[in-house]
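Report on the structure given below.
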Amino acid sequence: PEDQHAFEQPLKDSHRDYEPDLIEAVRADARGYPFHIQFFGALLWDAVPASESITFEHFRALRPALLEALDHAFFDARLARTSPGERQLLSAIAASGEVASLRDVMPRAGIGHDVAKRLVGRLVAKGLIYRPERARLAFSVPMFGDYLRRKAAAECLVSPQKRQGRQP
């Protein structure tokens, strides 16, 4: 598959050693999305000394840093282009995973059908979601729901006073 080739070929061309299990782990985590696979590959390449084989254990240990780097390099910019209402709808979709029914999303986002229709249209135009079938919404890029859930969890760990710039 192309995603395997995108990760594996640079390693082979440069005679860089790696474990075969590493490729499957990266492919599964990135869900086959070429940019994510290349991004993970580049960061792993840079993080592991050239004298060492890149292993599944390296990937497992570096995964939190890889995700944080991906969030900042890829997802943050996409989220920054959204309005508060659009972010509310995206978060409601993410609460269901990567795909959700519009019927489940509307009450979770606290919006009615007309507002949902407008927000969905804007998010589709921005390339952030699509409609895989009638009354279903999905993220256009794999891992966007994961990103939103990570972001929400991180924000829950920050006290309300710190979010408002005050110390407790």
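Note: Leu123 CG to Ser83 OG = 7.5 Å, rounded to the nearest 0.5 Å. A distance of 12.5 Å separates CZ of Arg81 from CG of Asp76, quoted to the nearest 0.5 Å. Summarising the geometry, atom CG belonging to Asp13 is positioned 10.5 Å from atom CD belonging to Glu8; distances are rounded to the nearest 0.5 Å. Here the CD1-NE2 distance, from Ile23 to His5, works out to 11.5 Å after rounding to the nearest 0.5 Å. Rounded to the nearest 0.5 angstrom, Leu89 CG and Leu137 CG are separated by 6.5 Å.
For the pair Leu102/Arg136, no side-chain contact is recorded, criterion being any heavy-atom separation below 4.5 Å from C-beta on. Within the 4.5 Å cutoff, the side chain of Tyr18 has no heavy atoms near those of the Leu44 side chain. You'll find the side chain of Phe7 reaches within 4.5 Å of the side chain of Leu22, heavy atoms only. Looking at Phe59 and Val48, their side chains never come closer than 4.5 Å, going by heavy atoms from C-beta outward. Two residues are said to be in side-chain contact when any heavy atoms from C-beta on lie closer than 4.5 Å; Leu119 and Arg122 meet this criterion. For the pair Phe40/Leu62, no side-chain contact is recorded, criterion being any heavy-atom separation below 4.5 Å from C-beta on. Between Ile93 and Leu148 there is no side-chain heavy-atom pair separated by less than 4.5 Å. Inter-residue side-chain proximity for Trp45 and Arg16 is flagged as met; some heavy-atom pair is nearer than 4.5 Å.
Under a hydrophobic-cluster definition in which Ile, Leu, Val, Met, Phe, Trp and Tyr are linked whenever side-chain heavy atoms come within less than 4.5 Å, directly or via other members, Val124 and Ile111 are assigned to the same cluster. In the hydrophobic clustering of this structure, Phe35 groups with Val26; members are Ile, Leu, Val, Met, Phe, Trp, Tyr whose side-chain heavy atoms approach within less than 4.5 Å, directly or through other members.
Listed by first and then second residue, the side chain to side chain donor-acceptor pair (under 3.5 Å) pairs involving residues 88-110 are Ser96-Arg108, Glu98-Arg149, Ser101-Asp104 (not counting sequence neighbours). Judged as a side chain to side chain donor-acceptor pair (under 3.5 Å), the pairs with a partner in residues 56-70 (not counting sequence neighbours) are, in order, Asp29-Arg63, Glu52-His58, Thr55-His58, Glu57-Arg60. Listed by first then second residue, pairs satisfying ring-ring contact (aromatic ring centres under 6.0 Å, His included) with a partner in residues 103-140 read Phe139-Phe144, not counting sequence neighbours.
Checked against the 6.0 Å centroid criterion, the rings of Phe74 and Phe39 do not qualify as a close aromatic pair.
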Derivation of the side chain to side chain contact (heavy atoms under 4.5 Å, CB included) call for Arg31 and Met143: CA-CA 8 Å; Arg31 298 188 189 117; Met143 300 177 72; 3.4 Å; yes
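Residue Glu86 is tested with Arg78, Arg118, Lys126 for a salt bridge (Lys or Arg N to Asp or Glu O under 4.0 Å); the sole match is Lys126.
Summarising the geometry of Pro10 relative to Ser14, their closest heavy-atom pair is O-OG, 2.9 Å, with the distance given to 0.1 Å. Residues Pro142 and Ala30 approach most closely at CB-O, 4.1 Å, considering heavy atoms.
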